[in-house]
Peer 1: 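Encoded as structure tokens, here's the structure I'll be asking about.
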There are 2 protein chains.
Amino acid sequence: MHLLGGVEAGGTKFVCAVGTGPDDIRAEIRFNTTTPEENLAQVIRFFQEHHAQTPLAAVGVAAFGPLDPDPSSPTFGYITTTPKPGWAHTDVVGPLREALGVPVGFDSDVNGAALGEHRWGAAQGLDTFVYITVGTGLGGGGMVNGKLMHGLMHPEMGHMQIPHDWDADPYPGFCTYHGDCWEGLACGPAIQDRWQFPAEELPPGHPSWHLEAHYLALGLVNIICLLSPQRIIMGGGVMQQRHLFPKIHEKVRTLLNNYIQKPAITEHIEEYIVPPALGGRAGVLGALALAEAARAGAPSGHQQSAEKS
Amino acid sequence: MHLLGGVEAGGTKFVCAVGTGPDDIRAEIRFNTTTPEENLAQVIRFFQEHHAQTPLAAVGVAAFGPLDPDPSSPTFGYITTTPKPGWAHTDVVGPLREALGVPVGFDSDVNGAALGEHRWGAAQGLDTFVYITVGTGLGGGGMVNGKLMHGLMHPEMGHMQIPHDWDADPYPGFCTYHGDCWEGLACGPAIQDRWQFPAEELPPGHPSWHLEAHYLALGLVNIICLLSPQRIIMGGGVMQQRHLFPKIHEKVRTLLNNYIQKPAITEHIEEYIVPPALGGRAGVLGALALAEAARAGAPSGHQQSAEKS
């Protein structure tokens, strides 16, 4: 087994690991997300220490975005137009490749987590599935036809528009770009902002959770209608409230109203919308899976076609 | 070139053609959609006449749905749970294969049209794009990573949920399953039902068109956020109102609010959301493209994986 490095580059924290898979993590480090200069130096220092002992075969980075995952693009490996202060147009892959001299895989945090769940978790054997994270932000990635989702860029699922009943919920939404898009209504900070309590302090019977399940279910219905996934995996801090799952299952079935007559939805929805099998480790393990793909010559989790706009 | 047969099986009419591609259609017939028995007999009679003169290498069917496009399923080739009276659980492929003795390709009308546009039209060279039809119904299909979209079943894009301002538009929607889903708000019959005029009789300056463009744009924004397509092709009867395109372009850009910084959207949206290059012939030509794929051994427009739920 080749030794790999993985970087989960999140909006609030970085996690770096060295290992070969979920049962063989040899070292791990966490630090807060600050500036590109400081964080990239921390990442490089961590990997260089291990690289000096046992050479790493490749490194993978699963990062917040928007970013450029297209290896044929001049800005491949950049975090691009993120609103996060200091991080717009940051070359992430270049400094790592230069310092370590190994292939560096790069994709969105959610595509990375999706690849990790496909390699070792709840999406093994599937070719079309979605991974959603609900936390500081709300995002989604996944595979269609056996390859990670890219297209023009990469999905930005959190920014879809869903119904918002202003009478029932006058909260205007948290998204600086779109107000009450899916992320704007249902991400962790939106819960806190709407109820003036952190999500983790709201008890399971609080009305906030029915509203949250309702918004999450609306987005999932759209994902089901647009992508027809074989499974949806939901991770992130907010989804650690496991009582959300049965609420979401019920609301998705109610909203679909038996239109899509597949037993996976009509009979076994609790196996259709599931938590990550890798738990909170989906992110950093996904980065390891990206490293594995990069070692095999696919810098963005799969072979790219030549035609990109 | 192999001679192929194509069937566009629509909810209101059938179109059958014999040929090899857009520049070589040797015969064509149209008839109204009535019952499965009558329509399948008409299809078989048409192809048998030609088959007796010049053998057909394969036939393709692009049909209304929901349907089963999975060749590994016992109900492959069926229209399944359609609400259309008389058509639920209809085996379409079986009778054609039996009568003609050739491979029969089968997929949704929109996936068929997408394949036709990929083979001969506005999606040549792309690997991730969407084809939308807005007419009697509203549906979408397409390709992701170079293969037609299937997954658990096939997309049912018309049934996604979009924001609906009941004060501005008290119309409750036309969908029998979901009321004001995308199709329920924006399909042709919804326009007629809301304004009490057929869409084609409403002048371009009528407020109906701004509302229609608004609803269509909301759905397109969700498609862009969820799928990141390299292009979106919009066909169907309603989209023959070409004045809708600039209205849609403007509204999509306004709704996205510069979040997705790709020149395809920010600078060249008129080349990003486009009419079908094959015009009203995308459907039947898509069926020919499905026939071509079936002849090559891919009964549903592409090679299937073994893992389907």
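Every chain is numbered from 1, with letters handed out A, B, ... down the list of sequences.
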Peer 1: Working to the nearest 0.5 Å, report the span between CH2 of A/Trp166 and CG of B/Asp167.
Peer 2: 12.5 Å
Peer 1: Would you call the rings of A/Tyr259 and B/His159 parallel, tilted or perpendicular if under 30° counts as parallel and over 60° as perpendicular?
Peer 2: tilted
Peer 1: Counting only heavy atoms not in A/Glu250 (residues, nucleotides, ligands), do more than 12 fall under 6.0 Å from its CD?
Peer 2: no
Peer 1: Rounded to the nearest 0.5 Å, what's the gap from NE2 on A/His154 to CG on B/Leu227? Could you check?
Peer 2: 14.0 Å
Peer 1: At a 4.5 Å cut-off on heavy atoms, which part of B/Asn258 comes close to chain A: side chain, backbone, both, or neither?
Peer 2: backbone
Peer 1: Any side-chain heavy atom of A/Ile265 sitting closer than 4.5 Å to one from B/Leu152?
Peer 2: yes
Peer 1: Would you find a donor on one side and an acceptor on the other, under 3.5 Å apart, between the side chain of A/Asn145 and the backbone of B/Met149?
Peer 2: no
Peer 1: Which value, rounded to the nearest 0.5 Å, describes the distance between B/Thr128 atom OG1 and A/Lys147 atom NZ?
Peer 2: 9.0 Å
Peer 1: Please find the pair of heavy atoms, one from B/Val221 and one from A/Gln161, that lie closest to each other, and give the distance.
Peer 2: CG1-CG, 4.1 Å
Peer 1: Is it the backbone or the side chain of A/Phe129 that comes under 4.5 Å from a heavy atom of chain B, or both, or neither?
Peer 2: neither
Peer 1: Looking at B/Gly158, B/Cys225, B/Gly141, which has the largest count of heavy-atom pairs under 4.5 Å with chain A?
Peer 2: B/Cys225
Peer 1: Is the side chain of A/Ser228 donor-acceptor paired with the backbone N or O of B/His150 at a distance under 3.5 Å, no angle test?
Peer 2: yes
Peer 1: With rounding to the nearest 0.5 Å, note down the distance linking OH in A/Tyr177 to CD1 in B/Ile260.
Peer 2: 11.0 Å
Peer 1: In terms of heavy-atom pairs under 4.5 Å with chain B, which of A/Val130, A/Asn257, A/Asp180 leads?
Peer 2: A/Asn257
Peer 1: Determine the option with the most heavy-atom pairs under 4.5 angstrom with chain A, choosing from B/Ile224, B/Leu256, B/Thr80.
Peer 2: B/Leu256
Peer 1: Taking atom NE2 of B/His164 and atom NE2 of A/His164, what is their separation to the nearest 0.5 Å?
Peer 2: 15.5 Å
